[in-house]
Peer 1: 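I'd like to ask some things about the structure below.
Residue numbers begin at 1 in each chain, while the letters A, B, ... track the order of the sequences. Note that the structure is a prediction, hence the values are computed from the model and not measured. FYI, side chains are in, hydrogens and waters are out, and symmetry mates aren't considered; it's all heavy atoms of this structure.
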There are 2 protein chains.
Amino acid sequence: MTAHPDLTRNQSLVLHTLNAANGSLSAYDILDKLRAEGLRAPLQVYRALDKLVEFGLIHRLESLNAFISCADPQDHEAHAHGVTAFAICDSCGQVTEFHDHAIEHRLQQWQASRSFKPEKTTIEIRGACSNCS
Amino acid sequence: MTAHPDLTRNQSLVLHTLNAANGSLSAYDILDKLRAEGLRAPLQVYRALDKLVEFGLIHRLESLNAFISCADPQDHEAHAHGVTAFAICDSCGQVTEFHDHAIEHRLQQWQASRSFKPEKTTIEIRGACSNCS
DNA sequence: TTTATTGCGTTATGCTATAACGTATGGCAT
DNA sequence: ATGCCATACGTTATAGCATAACGCAATAAA
Ligand SMILES: [Zn+2]
Ligand SMILES: [Zn+2]
Ligand SMILES: [Zn+2]
Ligand SMILES: [Zn+2]
C-alpha cells in the first residue's frame, strides 16, 4: 500500500478540475478550464493526467477519449490489481464506476487458458442511465 | 437473420484490406493502403468503416482507435445481441476475439439492477500474448 | 560539486474524426 | 418519362486528440 507522493501544482489543478466536474472531461476541456491558472499547452495537462492515472486518482475512458476522477481513490486493492468497469450514459454524461469480482475471475480464467498476460483491462458500457430512459 | 446488402466498391476495398491485415489497422493505415485504388480522403474510409461495423463485418477497437475484421462474421447471434471481447497483444499486435456468456450475463445483471439500458459494450484486454511473454 | 531525476514550458507536428457542400446513381410512385 | 427519395460518393476545410523534441529549473542523491 504505497502512498503516492504529494501532487505538483499542475497535477493538483487537473485533479481538482476533474473532481469538480459532473462527468468526464477531455484533456482539452481541462486545458480550457485551467487557462485562467496559467496553463497554456496540451502537454501540461497530458503530463499531469498521466501521473494521476498512475497514482490511481483518475481513470481514462477509452471509448470517450476522456478522463474522470476515481469514485474511490482509497480502494487501492481494487485499483491496483482489479478490473474497473464503467457505465456511461450517452444522454447526460453520467459515469458510474463499478467492480465485479465474478467478471474479473472469468477474465482471469480466459487469460490463464491462453497464457495471456494482462496489463490493462477496459470495460465500458455505453447506453442510457435510469434517469434518461 | 437479415443479410446485409451487397457492399459498395469502397466498402469492399476497406473490408478486403482489413481481412488481409495481420492485426488491426487505423483508418489512416487503411487509407494509405488504398491510395493506389484511388481513395484520397479520410471520409471515404470512415464512411465505409461505419457501414462495415453496422453490418457486423468488422469491429472497432476503442483502446487503439483502430479496426479489425470480425473473426466470425457468420455468427449473427453473438454479434447482434452479445458482447464481444478482445485480447490485444501490445507486442505483436495479435488480436483475439472471444465471447463469454458468463461475463455477458453478469453485466446484464448489473444493468438490470441499475436500470441501465446498454447500447454498446467494450471489453478490451491489453497485454502480452503467449508468444510474446 | 557533480550527477541524476523529475517536473516544467514552449513550439511544432502528427494522428484521429467530422462538418458541410455539391454530385451521381438507382428505386419507385405518379 | 418525370419527379422524388434514399444512398453513396468526392472534395475541402476544420475540429479534436496526442506526442516529439528541445531546453530550463528544482531537487535529491553521491
Ligand atoms: Zn476508481
Ligand atoms: Zn443519463
Ligand atoms: Zn466479431
Ligand atoms: Zn504477441
Side-chain angles (χ1 to χ4, degrees), chain A residues 2-18 21 23-55 57-68 88 90 93 120 122 124 126, chain B residues 2-18 21 23-55 57-68 88 90 93 120 122 124 126:
Chain A
T2 55
H4 48 77
D6 288 344
L7 300 183
T8 67
R9 167 176 162 82
N10 285 1
Q11 288 162 15
S12 292
L13 287 169
V14 169
L15 179 58
H16 291 149
T17 302
L18 278 173
S24 61
L25 296 175
S26 76
Y28 282 75
D29 290 339
I30 296 168
L31 176 58
D32 287 341
K33 289 180 185 293
L34 289 178
R35 287 196 196 280
E37 314 296 332
L39 271 70
R40 307 176 159 282
L43 258 196
Q44 296 174 284
V45 174
Y46 278 108
R47 290 200 275 229
L49 288 169
D50 285 347
K51 284 297 182 184
L52 294 172
V53 168
E54 181 186 326
F55 299 155
L57 299 175
I58 67 172
H59 298 282
R60 174 180 168 83
L61 300 176
E62 298 292 347
S63 70
L64 290 179
N65 293 329
F67 300 83
I68 190 162
I88 303 165
D90 287 326
K120 189 191 180 220
T122 298
E124 297 176 14
R126 302 278 295 271
Chain B
T2 54
H4 47 76
D6 288 344
L7 300 181
T8 67
R9 167 177 162 80
N10 285 0
Q11 289 162 14
S12 292
L13 287 170
V14 169
L15 179 58
H16 292 148
T17 302
L18 278 173
S24 61
L25 296 175
S26 76
Y28 282 75
D29 291 339
I30 296 169
L31 176 58
D32 287 342
K33 289 180 185 292
L34 289 178
R35 287 196 195 281
E37 314 296 331
L39 272 71
R40 304 175 162 284
L43 255 197
Q44 295 174 285
V45 174
Y46 279 107
R47 290 200 275 230
L49 288 169
D50 285 347
K51 283 297 180 184
L52 293 171
V53 168
E54 181 185 326
F55 298 155
L57 299 175
I58 67 172
H59 298 283
R60 174 180 168 83
L61 299 177
E62 298 291 347
S63 70
L64 290 179
N65 292 329
F67 300 84
I68 191 162
I88 302 166
D90 287 325
K120 189 192 180 218
T122 297
E124 297 177 15
R126 302 280 294 271

Peer 1: Would you say A:K51 and A:V14 make side-chain contact, with heavy atoms under 4.5 Å?
Peer 2: no
Peer 1: Given atom CG of A:L31 and atom C1' of C:dC8, what is their separation to the nearest angstrom?
Peer 2: 15 Å
Peer 1: First contact, last contact: which nucleotides of DNA chain D are these for chain B, 5' to 3', heavy-atom distance under 4.0 Å?
Peer 2: D:dA8 to D:dT12
Peer 1: Would you indicate whether the side-chain heavy atoms of A:N65 and A:R60 approach each other to under 4.5 Å?
Peer 2: yes
Peer 1: Applying the side-chain contact (heavy atoms from CB on, under 4.5 Å) criterion to A:L13, which one of A:L39, A:T8, A:V45, A:I30 satisfies it?
Peer 2: A:L39
Peer 1: Starting at atom CG of A:L49, determine the distance to atom C1' of C:dG7, rounded to an integer number of angstrom.
Peer 2: 15 Å
Peer 1: Consider only side-chain N and O atoms of B:E124 and B:S63, and report whether a donor and an acceptor are under 3.5 Å apart.
Peer 2: yes
Peer 1: Quick one: CG on A:L7 to CG on A:L15, what's the gap to the nearest 0.5 Å?
Peer 2: 6.0 Å
Peer 1: Rounded to the nearest 0.5 Å, what separation is found between the CZ atom of B:F67 and the CG atom of B:L18?
Peer 2: 8.5 Å
Peer 1: Return a single string for nucleotides 13-27 of chain C, one symbol per nucleotide in 5' to 3' order, where B is base contact, S is sugar-phosphate-only contact and - is none, cutoff 4.0 angstrom on heavy atoms.
Peer 2: ---BBBBB-------
Peer 1: Looking at A:Q44, does any N or O in its side chain come under 4.0 Å of the phosphate oxygens OP1/OP2 on C:dG9?
Peer 2: yes
Peer 1: Is B:E62 salt-bridged to A:R126, going by a charged N under 4.0 Å from an acidic O?
Peer 2: no
Peer 1: Whole Å only: how far is the CG atom of A:N10 from the P atom of C:dT10?
Peer 2: 11 Å
Peer 1: Who passes side-chain contact (heavy atoms from CB on, under 4.5 Å) against A:D50, sequence neighbours left out?
Peer 2: none
Peer 1: From CG of A:L7 over to C1' of C:dC8, roughly how many Å is that when rounded to an integer?
Peer 2: 16 Å
